[in-house]
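Structure first, then comments.
Values in this document were obtained by computation on a predicted structure and should not be read as measured data. One is the number of the first residue; the rest follow in order along the sequence.
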Amino acid sequence: MKFRLEKDITLFQKKLQHWYAQHQRDLPWRREPTLYKTVVSEFMLQQTQVETVLPYFHRWISVFPGFEALANAKEEVVIKNWEGLGYYSRARNLHRVARKLANNETIPSRAEEWEHYPGIGPYTAAAISSISFHYPAAVLDGNVIRVLSRLTADATLFKDKNSAIRKLAPLAKKLLEVKNPGKHNQAMMEIGATVCTRSKPSCTVCPVHSFCSTGKRGDMDQFPRFKVKPAQHLKINRVWIQRNGALLLHKASPKAKRLADFYELPSAEGFVKNPMRKDRLMIKKRGISNQYIEERIYRVESDAKILRLVRSSPDLHWIPAAKMDAIILSGPHRRWIKEIIVDVGHSPQ
Ligand code: SF4
């Protein structure tokens with residue numbers, strides 16, 4: 001037997017659109033939308049919540065008001081304006097997209113064409129082409145995966161997000177309102193972000209409740225089902241070494257996969273074998289995906305051995321306190337350095 005959803009797609013689309021017209025959030029990229037605002041917002045929203053993105057989006061648009069301004073900017077200026085938002089490859093790719101578009105005679109309108117641009121996968125390509133060009137491509141991100149798997153009570157134990165996308169893509173395509181794909185896609189994402197939330201979904205006010213298998217049964221929080229990856233626990237010791245008003249920082253290689261050209265507090269390796277508890281300035285814990293990372297920062301006195309090590313290591317740099325704001329620091333490290341200076345009272349000044 002087919003789900004009611006598949007038998008009455010037109011009504012599903014109508015209910016969704018009616019709800020979206022009344023309840024969509026007032027977001028800056030939806031006000032007087034342009035292709036540029038859509039592309040920037042889609043890059044920023046990859047892996048990041050709307051609330052976090054908002055101040056960055058406003059600042060970005062005032063610094064780089066369009067593709068041309070972005071294409072003409074130096075990479076270090078682009079990265080500096082992304083600082084704190086994380087996943088910096090997005091900023092580099094967005095910069096490349098602007099440069100590629102600047103060299104094009106025509107702007108692509110189909111999702112398949114957008115997929116040839118740096119950092120643009122099927123989801124972002126579908127979002128950009130449907131919102132800006134009414135191209136009929138259905139989006140499938142984490143929010144839409146959750147909505148579709150709950151609507152249909154899809155009990156598949158997905159290996160990962162990509163396997164869920166492969167399974168649910170035909171349904172997403174079937175439900176797409178082809179005459180209005182941009183609005184439809186935004187409505188699907190909006191319902192996942194604001195109504196069909198990961199925990200405590202608001203089924204009683206959900207516009208598509210009458211189509212939803214799990215919403216009626218009450219077991220929606222069991223969907224979607226993903227295989228749990230084993231947790232990884234990592235411990236990293238870092239050092240705080242200051243000298244003559246400057247702090248020692250490590251700069252990642254421009255070819256590094258993660259955080260290319262970024263400064264961070266150096267890892268303790270090579271500086272101190274067994275850091276002493278009395279020298280510990282702070283412990284920071286954070287989780288990224290299935291990794292739990294504990295970083296301990298130890299104060300180490302600079303001595304002749306350390307000075308020799310710094311002189312022979314091109315990726316170690318003494319950064320004067322006054323220049324700290326001008327360099328590109330990874331987000332957590334900038335916060336920790338400020339905390340150590342303000343709370344612990346260790347200023348390189
Ligand atoms: Fe999600 Fe509940 Fe709506 Fe179903 S009824 S789509 S579970 S919010």
Side-chain angles (χ1 to χ4, degrees), residues 5-6 8-46 50 53 57 60-61 65-68 70 90 93-94 97-98 100-148 151 165-166 168-196 207-208 211:
L5 178 60
E6 293 189 41
D8 212 347
I9 289 174
T10 311
L11 184 61
F12 173 86
Q13 292 167 341
K14 264 191 190 162
K15 287 199 170 211
L16 188 66
Q17 275 315 313
H18 183 69
W19 171 84
Y20 182 65
Q22 292 185 324
H23 297 280
Q24 64 174 287
R25 289 167 292 177
D26 177 24
L27 299 174
W29 45 91
R30 289 181 182 160
R31 277 176 237 145
E32 297 171 29
T34 61
L35 173 63
Y36 180 66
K37 283 188 197 171
T38 301
V39 172
V40 172
S41 65
E42 287 303 333
F43 268 80
M44 287 190 170
L45 289 166
Q46 289 168 5
V50 166
V53 161
F57 181 83
W60 188 274
I61 295 293
F67 285 118
E68 201 183 327
L70 181 56
R90 294 181 296 174
N93 284 332
L94 179 54
V97 167
K100 196 168 168 182
L101 286 173
N103 290 326
N104 275 6
E105 283 184 6
T106 54
I107 302 285
S109 59
R110 297 185 304 123
E112 295 78 3
E113 293 170 292
W114 279 100
E115 281 190 49
H116 293 297
Y117 280 67
I120 298 188
Y123 160 77
T124 307
I128 293 170
S129 61
S130 65
I131 294 169
S132 296
F133 301 100
H134 307 292
Y135 186 74
V139 294
L140 251 174
D141 67 345
N143 283 330
V144 180
I145 289 171
R146 189 165 58 251
V147 175
L148 294 183
L151 280 168
I165 288 173
R166 277 196 297 277
L168 295 168
L171 176 61
K173 196 173 169 190
K174 209 180 273 184
L175 295 179
L176 181 71
E177 192 181 340
V178 286
K179 284 192 187 145
N180 203 4
K183 284 273 176 347
H184 173 92
N185 280 335
Q186 289 180 88
M188 285 296 286
M189 291 189 279
E190 191 80 346
I191 208 170
T194 63
V195 177
C196 194
V208 293
F211 297 90

query: When you check the gap from the basic side-chain N to the acidic O, do Glu190 and Arg30 get nearer than 4.0 Å?
result: yes
message: To the closest 0.5 Å, what do you measure between CD (Glu115) and CD1 (Ile128)?
response: 10.5 Å
- request: Report the C-alpha separation of Tyr123 and Leu140 in whole Å, then their side-chain angles, then the decisive distance to 0.1 Å, and conclude whether the side-chain contact (heavy atoms from CB on, under 4.5 Å) test is met.
  value: CA-CA 6 Å; Tyr123 160 77; Leu140 251 174; 5.8 Å; no
message: Taking salt bridge (charged side-chain N to carboxylate O under 4.0 Å, His left out) as the definition, give me every residue that meets it alongside Glu177, ordered by chain and number, with sequence neighbours left out.
response: none
message: Take a 6.0 Å sphere around CD of Glu32 and say whether it holds more than 12 heavy atoms from other residues, nucleotides or ligands.
response: no
field: Distance-minimising heavy-atom pair for Lys15 and Pro207
entry: CD-O, 3.4 Å
- prompt: Given Leu35 and Phe133, is the side-chain contact (heavy atoms from CB on, under 4.5 Å) satisfied, shown in steps?
  reply: CA-CA 9 Å; Leu35 173 63; Phe133 301 100; 3.8 Å; yes
query: Hey, does the side chain of Trp114 reach the backbone of Ala126 with a donor-acceptor pair shorter than 3.5 angstrom?
result: no
query: Quick one: are Leu175 and Gln13 in side-chain contact, heavy atoms under 4.5 Å?
result: no
query: Does the side chain of Arg90 come under 3.5 Å of the side chain of Asn93 through a donor N or O and an acceptor N or O?
result: no
field: Side chain to side chain, Pro33 and Ile131, heavy atoms closer than 4.5 Å
entry: no
- prompt: Does a side-chain heavy-atom distance below 4.5 Å link Leu148 with Met188?
  reply: yes
Glu42 side chain to Thr38 backbone, donor-acceptor under 3.5 Å: no
Partners passing side-chain hydrogen bond (donor to acceptor under 3.5 Å, both in side chains) against Ser130 (at least two apart in sequence or in another chain): Asn185
query: What are the two closest heavy atoms between Val178 and Pro136, and how far apart are they?
result: CG1-CB, 4.0 Å
- prompt: Among all residues two or more places apart in sequence or in another chain, which pass the side-chain hydrogen bond (donor to acceptor under 3.5 Å, both in side chains) test with Gln46?
  reply: Thr124
- prompt: Which pairs pass ring pair (Phe, Tyr, Trp, His ring centres under 6.0 Å) with one or both residues in residues 13-41, sequence neighbours excluded?
  reply: Trp19-His23, Trp29-Phe57, Tyr36-Phe67
task: Just jot down the side-chain hydrogen bond (donor to acceptor under 3.5 Å, both in side chains) partners of Glu112, sequence neighbours excluded, or say none.
output: Tyr135
message: Looking at Lys37, I want to see if its NZ is surrounded by more than 12 non-hydrogen atoms of other residues, nucleotides or ligands under 6.0 Å.
response: yes
statement: CG of Asp141 to CZ of Arg146, rounded to nearest 0.5 Å, is 8.5 Å
message: Would you say that Pro108 contacts Leu101 through its side chain, given a criterion of any heavy-atom pair below 4.5 Å between the two side chains?
response: yes
task: Test Cys196 against every option in Val147, Leu151, Val144 by the side chain to side chain contact (heavy atoms under 4.5 Å, CB included) rule and name the one that passes.
output: Val147
- request: Working to the nearest 0.5 Å, report the span between NE2 of His184 and CG of Leu176.
  value: 5.0 Å
statement: Closest heavy-atom pair, Leu27 versus Val50, reported as atoms and distance to 0.1 Å, is CD2-CG1, 3.7 Å
- prompt: NZ/Lys174 to CG/Leu171 distance, rounded to the nearest 0.5 angstrom?
  reply: 7.0 Å
- prompt: Under 3.5 Å, is there a donor-acceptor pair between the side chain of Asn104 and the main chain of Ile107?
  reply: no
- request: Would you mind reporting whether Ser41 and Val53 have side-chain heavy atoms less than 4.5 Å apart?
  value: no
query: Can you find a heavy atom in the side chain of Gln17 that is under 4.5 Å from one in the side chain of Lys14?
result: no
- line: Asn103 meets the side-chain hydrogen bond (donor to acceptor under 3.5 Å, both in side chains) criterion, sequence neighbours left out, with none
query: Taking side chain as C-beta onward, heavy atoms only, is Trp60 less than 4.5 Å from Phe43?
result: no
